[in-house]
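Following: one structure in structure tokens, then a few remarks.
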2 protein chains.
Amino acid sequence: MVRRTGEATREEIRTAATHLFRERGFARTSVRDIAALASSNPALVIRHFGTKELLFLETMHLTIDDEPLFDVPMEQFGERFIEVLLADDDIRGVYLALVRGSNEPQIRTRLQDIHEKMFVGPVRARLAGPDADIRARLAAAVVGGLLYVLWVVGDEALVAAEPRELVVRYGALLQQVLTERH
Amino acid sequence: MVRRTGEATREEIRTAATHLFRERGFARTSVRDIAALASSNPALVIRHFGTKELLFLETMHLTIDDEPLFDVPMEQFGERFIEVLLADDDIRGVYLALVRGSNEPQIRTRLQDIHEKMFVGPVRARLAGPDADIRARLAAAVVGGLLYVLWVVGDEALVAAEPRELVVRYGALLQQVLTERH
DNA sequence: GTCTATAAAATGATAGAC
DNA sequence: GTCTATCATTTTATAGAC
């Protein structure tokens with residue numbers, strides 16, 4: 001067997017780090033906290049992952065299944081997109097940790113990557129024309145605005161609103177932007 | 001004379017703090033840094049302002065002149081609003097510092113206040129109907145989305161774009177959302 | 001009001017025994 | 001691979017002389 005017992009420890013540390021970074025963010029999570037939750041010790045955390053920041057970058061990532069998830073008619077894309085984003089529980093924690101940690105250049109770069117792949121990409125794939133890129137980026141700003149207001153700012157009226165109402169209203173709004181009837 | 005020399009020191013500390021908090025944010029600005037820039041010392045900073053966080057809250061605020069600035073026809077409001085937000089140099093630094101520091105409950109509360117007064121308020125004042133509040137909040141999310149994408153994420157294509165093009169395109173987009181032609 | 005000196009605590013990371 | 005002990009630094013905040 002090639003497998004070593006270290007692999008299990010490594011995985012426990014990774015799990016603990018994922019949990020804590022999502023919950024408290026980068027700055028408020030210490031290497032000691034992670035070690036404690038993983039029933040390990042700080043030295044091992046560093047030994048396995050190098051630095052706290054490398055561990056953060058290794059755990060804080062997001063992916064989106066574009067093709068299968070958005071196999072809906074184009075006129076329902078706006079609503080469906082918002083629905084998927086708000087339904088996925090992983091997104092919120094990772095997103096918040098990245099936004100609040102974005103003072104660190106590496107973390108900000110990760111935020112850019114995720115923004116590009118999760119927001120800009122899916123939208124641009126559904127637009128055409130010479131200005132498709134900038135239109136997609138502005139539509140992605142609209143999408144990001146909802147997550148920002150719900151999760152970073154925490155607009156109390158919107159947080160307390162019926163999720164379905166948010167999906168319908170903001171979905172329609174996004175759709176309107178994408179369709180762009182002048 | 002009632003004025004004491006302490007007032008000048010206090011003002012220098014306030015100025016230094018404003019500058020550094022805008023430039024580097026809360027976490028990356030130390031009381032020592034502020035004292036050094038103010039040609040003072042850490043003890044005096046604390047003596048005058050209590051804690052670093054109180055000093056942060058005293059310096060990081062924004063106001064908007066609603067009435068005089070938005071004295072334009074309603075159909076130009078969207079573009080004008082975006083134009084004003086992007087033109088004001090104070091906003092960016094304060095906004096970034098608040099977003100990145102929003103792990104701290106007090107800082108997040110301040111962000112909520114500013115969001116309410118700067119974004120939700122002006123928009124809602126121009127909407128009517130039973131759903132004016134939620135529509136204003138969703139439109140404010142759209143507005144926040146642009147600042148978020150430009151300043152927090154730093155979408156390189158948008159940052160590099162002609163400011164005028166952003167104002168025109170995103171202004172039209174916001175206008176469309178406010179006018180809401182179905 | 002001002003400042004030097006320092007307290008008190010927390011942090012990321014490392015050395016070296018096992 | 002693991003862990004104890006600790007280094008080295010940085011932080012906010014305070015005590016007390018002037």
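Between Tyr148(A) and Tyr95(B), the two ring planes are tilted [angle within 30° to 60°].
In summary, of the residues considered (Leu55(B), Leu96(B), Val94(B)), a side-chain contact (heavy atoms from CB on, under 4.5 Å) with Phe21(B) occurs for Leu55(B) alone.
For Glu156(B), the CD atom sits in a loose shell: 12 or fewer heavy atoms of surrounding residues, nucleotides or ligands are nearer than 6.0 Å.
If you measure from atom CD1 of Ile34(B) to atom C1' of dC3(C), you get 18 Å, rounded to the nearest angstrom. Distance CG (Leu55(B)) to P (dA13(D)): 10 Å, rounded to an integer number of Å.
Judged as a side chain to side chain donor-acceptor pair (under 3.5 Å), and not counting sequence neighbours, the contacts of Ser102(A) are Arg100(B).
In this model, the phosphate group of dT2(C) is approached by a side-chain N or O of Thr9(B) to a distance below 4.0 Å at OP1 or OP2.
The side-chain hydrogen bond (donor to acceptor under 3.5 Å, both in side chains) analysis of residues 121-141 of chain A, with sequence neighbours excluded, yields the pairs Asp66(A)-Arg126(A), Glu116(A)-Arg137(A), Arg124(A)-Asp133(A), Asp131(A)-Arg169(B), Asp133(A)-Arg137(A), Arg135(A)-Glu180(A), Arg137(A)-Asp155(B).
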Item to check | Nucleotide-resolved protein contact map, nucleotides 4-15 of chain C, B/S/- at heavy-atom distance under 4.0 Å | outcome: B------BBSBB

